[in-house]
Amino acid sequence: METQSIPWREKVQLIVRFLRGSIHYFVVALLCACLGMVFNALTPQVIRLTVDSILGAEQPSLPAFLQPLLPLLQAQKLHALWLAAAAVLLLALLRGFCNYGQRTQLSRGSESFVKRIRDGLYDHIQHLSFSWHTAHSTGEIIQRCTSDVDVIRTFVCNQLVEVVRTVFLIILYLVIMFRMNVRLSFVALAFIPIVGLSSGVFYRRISGRFQAADEAEGDLTTCAQENLTGVRVVRAFGRERFETDRFCEKNEKFASLWIRLGRLLSVYWASGTLLTCLQVMVIIVCGIVESVHGNMTLGEFLAFISYNEALSWPVRSLGRVLSDMSKAGVSLDRVGYILRAPEEKDAPEAAPHSAEGDIVFDHVTFGYGETPVLQDVSFTIPQGSTFAILGGTGSGKSTLVHLLDRLYDLQEGRITIGGVDIRSFTRESLRSQTGLVLQEPFLFSQTIRENIAATRPGAPQEELRSAAAIACVDEAICEFPEGYETLVGERGVTLSGGQKQRVAIARMLMQRAPIMVFDDSLSAVDAETDEKIRTALRRSTGNATVLLISHRVTTLMQADRILVLDGGRVSALGAHRELIDRPGIYRDIYDIQMRSDDRALVEEGGNA
């Protein structure tokens, strides 16, 4: 899945979009964080006052609101020391309360924020076109909706908050440091742009590597998802070694990319540690010089060292945040790629219509990309009739159904139902009136009852069993120990291929749609069961229009009309008797599939 980088302005807009409704949590968290830093900044001042005025002989200097405490500080030194210790303990308790408030509010804001992202992504994916889903792997989509969302959450809810907190801390501490000693403060300030510049260089180098690592993780996720989904095929063909080698190859690529990233990160953190140690050493040397010359007291020197130490990690963390910003930027690109994909939209004049009436394909031409599949196809399906479609692989049989259900939009020509162009239908109304059973039906990891009732939740058990009986699967279901409450497992692995198809047919029958499409959906059942299902369907479909797609002539021969496709064009159209009476593809297939000794028996059953 290719990903195009989006401007940072759009990335910010994306973040703001999902922050709505939870921004107050982050505001309160930041207020708590800033207040905690103020209490933390007061602790070195207590130490300074203790060293200079309680243990030393300096005249204590206090803000106006603390002047009433001067007599206590000038009293007995032991009492003053106890007061200083109590002040440190009180500040620590206040910092603890602020830290508690910060973390609880961040937790609430974080979960609210990430919930909105996941809900927005899931809802958007539900409305993306069928062609978009076929063009992108499931594993890659899942990886973007999980791993990349977590990266964004970590950046916005932890690192971005940390940036605001760090900027406030730097400003607060530098103001205090400049009030204590200007020359020494300029020395400390000189290292900040150096660290920032090194972080910027590092940020440029690492962003591309983060994207490559994320894409490799998507490939790895896709490989694992495909292997787990197709585990029966892997076992059946003895492909365990091949799949293991394939996974190891992708895993090796993924690991090597992160090892290269680790080397780059190691260089950065080592250089950052060197810069920090150099800054501390320079401040200590310069501070000693200032103290010797009487420009600052011992207490001020100790307090200044404390402030400098407190600044060293946040300044370094800015570089870490910048490096993580590159990873978050890549994740925002990848999530934004999904969110920018256009949703299926109905035409402005579209409205719900009844899907009753003749279905007309009028000069329909369609292709996937540059490959033409259908070319100038025209035919009519009378309402309430059974219409069959026959053709070779790639002749466009399933494409006709996909176009009818608007899984793909028409490129040329038009399709009408009851004289109304299907593009005038809302997709919801069209699809709710078109029942579709595919050759490879998908069953949810729920009970058989829940799968059959998917199109009509809450339907009574009698209707479920009636639909299952028409699909010739009721008896098989009742043989399970749990009956209709049997869990089908992931993708219906509990059931056989034929049972899955019949459960899917029962599910479609519960829809009671005026148009029913069977896209080779009886391929996994035996001929006898096929006949039973078709007989039951003829009795139960009523006035519904039925479309049958199959490779079996026996499945199609009782249809009112049969369409034969060849290379995306209409090769023949007529009833079974008409088609076998004239040379063509249909009669050739009929002759191949029917043996002379049972042809008469089949035809007799077809005329019954």
Spacing of CD1 belonging to Ile176 relative to OH belonging to Tyr173, to within rounding of 0.5 Å: 7.0 Å
Side-chain donor-acceptor contact under 3.5 Å, Ser256 with Arg260: no
Rounded distance [0.5 Å steps], CD in Glu290 versus SG in Cys286: 7.5 Å
Check: Thr104 side chain, Tyr100 main-chain N or O, donor-acceptor pair, under 3.5 Å: yes
CG on Asn295 to CG on Leu184, rounded to 0.5 Å: 10.0 Å
Check: Glu485 main-chain N/O paired with Thr447 side-chain donor or acceptor under 3.5 Å: no
Expected output: side-chain Arg427 to main-chain Lys345 donor-acceptor under 3.5 Å: yes
Side-chain heavy atoms of Arg95 within contact of Thr43, under 4.5 Å: yes
Side-chain donor-acceptor pair present, Arg118, Thr146, cut-off under 3.5 Å: no
Nearest non-hydrogen partners of Cys157 and Leu106, listed with the distance: O-CD2, 3.2 Å
Donor-acceptor contact below 3.5 Å, side chain Arg431 vs main chain Arg406: yes
Exam field: side chain Glu300 to backbone Thr297, donor-acceptor pair closer than 3.5 Å: yes
Audit row: Leu278, Val282, side-chain contact (heavy atoms from CB on, under 4.5 Å) steps and yes/no: CA-CA 6 Å; Leu278 180 62; Val282 171; 4.3 Å; yes
Any donor-acceptor N/O pair, Arg48 side chain to Ala303 backbone, under 3.5 Å: no
Exam field: side chain Arg153 to backbone Phe113, donor-acceptor pair closer than 3.5 Å: no
Donor on one side chain, acceptor on other, Ser432 and Ser429, under 3.5 Å: no
Donor-acceptor contact below 3.5 Å, side chain His124 vs main chain Gly120: no
Short side-chain to backbone donor-acceptor contact, Thr166 and Glu162, under 3.5 Å: yes
Rounded distance [0.5 Å steps], CD1 in Ile305 versus CD1 in Ile284: 5.0 Å
Salt bridge Asp333-Lys11, side-chain N to carboxylate O under 4.0 Å: yes
Sidechain N-carboxylate O distance under 4.0 Å for Arg456, Glu450: no
Enclosure of Glu249 CD (heavy-atom neighbours >12, cutoff 6.0 Å): no
Side chain proximity check, Leu91 to Asn40, heavy atoms < 4.5 angstrom: no
Nearest heavy atoms of Glu344 and Phe130, plus distance in Å: OE2-N, 4.1 Å
Under 3.5 Å: donor-acceptor pair, side chain of Asn181, backbone of Arg183: yes
Determine all donor-acceptor pairs shorter than 3.5 Å in which one atom belongs to a side chain in residues 12-39; sequence neighbours excluded.
{"residue": "Ser22", "atom": "OG", "partner": "Leu19", "partner atom": "O", "Å": "3.1"}

Atom CD of Gln446: over 12 foreign heavy atoms under 6.0 Å: yes
For the student: nearest non-hydrogen atoms of Val335 and Val149, plus distance: CG2-CG2, 4.3 Å
Between Tyr337 and Asp148, a side-chain donor and acceptor under 3.5 Å: no
Within 6.0 Å of CZ in Arg103, more than 12 heavy atoms from elsewhere: no
Within the 6.0 Å centroid threshold, strictly below: Tyr122 and His127: no
From CG (Asn451) to CG (Leu487), nearest 0.5 Å: 9.5 Å
Student check: side-chain heavy atoms of Leu257 and Leu261 closer than 4.5 Å: no
Residue pair Phe254, Asp219: steps toward the side-chain contact (heavy atoms from CB on, under 4.5 Å) verdict: CA-CA 9 Å; Phe254 176 64; Asp219 291 340; over 6 Å; no
Gap between atom CD of Gln279 and atom CG of Leu189 - 0.5 Å precision: 10.0 Å
Minimal non-hydrogen separation, Ser445 against Val488, with atom names: CA-CG2, 4.4 Å
Close side-chain approach of Ser137 to Glu140, heavy-atom, < 4.5 Å: yes
Least distance between heavy atoms, Ile125 atom then Ile141 atom: CD1-CG2, 3.8 Å
Residue pair Asp346 / Ala350: nearest heavy atoms and the distance that separates them: CB-CB, 3.8 Å
Worked check of side-chain contact (heavy atoms from CB on, under 4.5 Å) between Met180 and Ser185: CA-CA 8 Å; Met180 293 172 63; Ser185 298; over 6 Å; no
Arg507/Met510 under side-chain contact (heavy atoms from CB on, under 4.5 Å): CA gap, chis, key distance, verdict: CA-CA 5 Å; Arg507 177 174 62 190; Met510 289 293 295; 5.9 Å; no
Side chains of Leu332 and Phe155 in contact at under 4.5 Å (non-hydrogen atoms): no
